[in-house]
Amino acid sequence: KSRGLPLFLLSAKLVAQAGARVVLHGWNSHQNPIADVRASLDEIEIASSTSPDAARAALEATGITYLPLEALDPRLLELLQLRDVLGLRSPVNTALRALNPCAAPGSVQGVFHPPYRDLQQATSAELGDTTVIVLKGAGGEFERNPAKPIELFQVFDQETARRILNPMLDENRRMADPTAQTGDLARLWHGEITDPFAEATIIGTAALGLFAAGLASDLPGAGEMAQDLWTKRPGRRPQKNTA
């Protein structure tokens, strides 16, 4: 995601708050400061792990961690960075999205180009992943747009399925808020600012994560759980101003 706040990080925190162990893995480039995933981790208290062992320790301590690609597999990062030599993305970019480095029973994947949804769904089924949800997200990240119908490409016990979710909001707004500022991610988490569109994005994305993690038996129940987790999130402070 090159623009806009990485709201999916707060969704991941909600899933961890519900009791799941959450690993975010990746490598990001060509991001503006607002969208920078790594720069946002400290402010919302998600540990960035320097090795698989460190990730394991972080999961034990807090239930959530970010594992950058160079810590997971430096050789894969070398292959990914061939983009700088070739001048365009290679199949490695798509293959890395389908990685499940911790053999998690549930996983979610974002897609930038819609035709890749089928590819990543089919690949996950072939790899034997138990539960997977793939969607076209903001900037390719797993982030639900609450103002649009969303088509989910799912894998359950190696069986593939699709479903369409109706919009959560009757509003048409760009996902990348041009008014966002550095630090707004933490301010949203702490309740110091409010933004109904951003909060719907967080809650809607978290609901899909909760469902993939097996913490809710259906999507309506996952939505209710995500809303409750957001309302009761730790560290929420009295509101000072609105965005």
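Starting from 1, each residue takes its place in the sequence as its number. Just so you know, these numbers use all the heavy atoms, side chains as well, and skip hydrogens, waters and symmetry mates.
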Not counting sequence neighbours, list each pair that qualifies as a salt bridge (charged side-chain N to carboxylate O under 4.0 Å, His left out) and has a residue in residues 121-141.
-> none
Salt bridge (charged side-chain N to carboxylate O under 4.0 Å, His left out) with Asp84: which residues, sequence neighbours excluded?
-> none
Who pairs with Glu78 by side-chain contact (heavy atoms from CB on, under 4.5 Å), at least two apart in sequence or on another chain?
-> Arg75
Can you sort out the partners of Thr160 under side-chain contact (heavy atoms from CB on, under 4.5 Å), two or more places apart, ordered by chain and number?
-> Gln121, Ala125, Val155
With a 4.5 Å limit on heavy-atom distance, are the side chains of His25 and Tyr66 in contact?
-> no
Under a 4.5 Å cut-off applied to non-hydrogen side-chain atoms, are Asn100 and Leu127 in contact?
-> no
Non-neighbouring partners of Ser217 that pass side-chain contact (heavy atoms from CB on, under 4.5 Å), sequence neighbours left out | none
Side-chain donor/acceptor of Gln17 to backbone N/O of Leu229, under 3.5 Å | yes
Taking the side chain as C-beta and beyond, is there a heavy-atom pair between Asp53 and Arg56 under 4.5 Å?
-> yes
Minimum side-chain heavy-atom gap Val134-Leu152 below 4.5 Å | no
Between the main-chain N or O of Ile64 and the side-chain N or O of Thr62, is there a donor-acceptor pair closer than 3.5 Å?
-> yes
Tell me, please, which residues at least two apart from Arg38 pass salt bridge (charged side-chain N to carboxylate O under 4.0 Å, His left out).
-> Glu70
Within-4.5 Å side-chain heavy-atom neighbours: Pro146 and Phe197 = yes
Can you tell if the side chain of Leu135 reaches within under 4.5 Å of the side chain of Val111, non-hydrogen atoms only?
-> no
Are Asp36 and Asn28 close enough that some pair of their side-chain heavy atoms sits under 4.5 Å apart?
-> no
Residues Gln109, Ser124; criterion side-chain hydrogen bond (donor to acceptor under 3.5 Å, both in side chains); working and verdict = CA-CA 10 Å; Gln109 302 173 18; Ser124 295; 3.0 Å; yes
Contacts of Leu96 that satisfy side-chain contact (heavy atoms from CB on, under 4.5 Å) - sequence neighbours left out = Leu69, Leu76, Leu80, Val92, Leu99
Under 3.5 Å, side chain of Arg3 to main-chain N/O of Asn32, donor-acceptor pair present?
-> no
Ignoring hydrogens and angles, tell me if any N or O in the side chain of Ser107 forms a donor-acceptor pair with the backbone of Val132 under 3.5 Å.
-> no
With side chains defined as the heavy atoms from C-beta onward, is the minimum distance between Pro105 and Thr131 less than 4.5 Å?
-> no
Exam field: side chain Arg97 to backbone Gly140, donor-acceptor pair closer than 3.5 Å | yes
Residues passing the ring-ring contact (aromatic ring centres under 6.0 Å, His included) test with Phe8, sequence neighbours excluded, are none
Main-chain N/O of Pro167 paired to Lys148 side chain as donor or acceptor, under 3.5 Å = no
Any pair counted as salt bridge (charged side-chain N to carboxylate O under 4.0 Å, His left out), so long as it reaches residues 104-117, sequence neighbours left out | Arg117-Glu151
Asp118: salt bridge (charged side-chain N to carboxylate O under 4.0 Å, His left out) partners, not counting sequence neighbours | Arg162
Backbone of Arg144 reached by a side-chain donor or acceptor of Thr205 within 3.5 Å = yes
Hey, is the main chain of Thr194 close enough, under 3.5 Å, to the side chain of Arg187 for a donor-acceptor pair?
-> no
Of all residues at least two apart in sequence or in a different chain, which pass the salt bridge (charged side-chain N to carboxylate O under 4.0 Å, His left out) check with Glu60?
-> Arg21
Is it true that a side-chain atom of Asp228 and a backbone atom of Met225 form a donor plus acceptor pair closer than 3.5 Å?
-> no
State which residues pass ring-ring contact (aromatic ring centres under 6.0 Å, His included) with Phe112; sequence neighbours excluded, sorted by chain then number.
-> none
Given the side-chain rings of Phe153 and Tyr116, with only the six-membered ring counted for Trp, is the space between their centroids under 6.0 Å?
-> no
Please check if the side chain of Thr65 supplies one atom and the backbone of Ala47 the other of a donor-acceptor pair under 3.5 Å.
-> yes
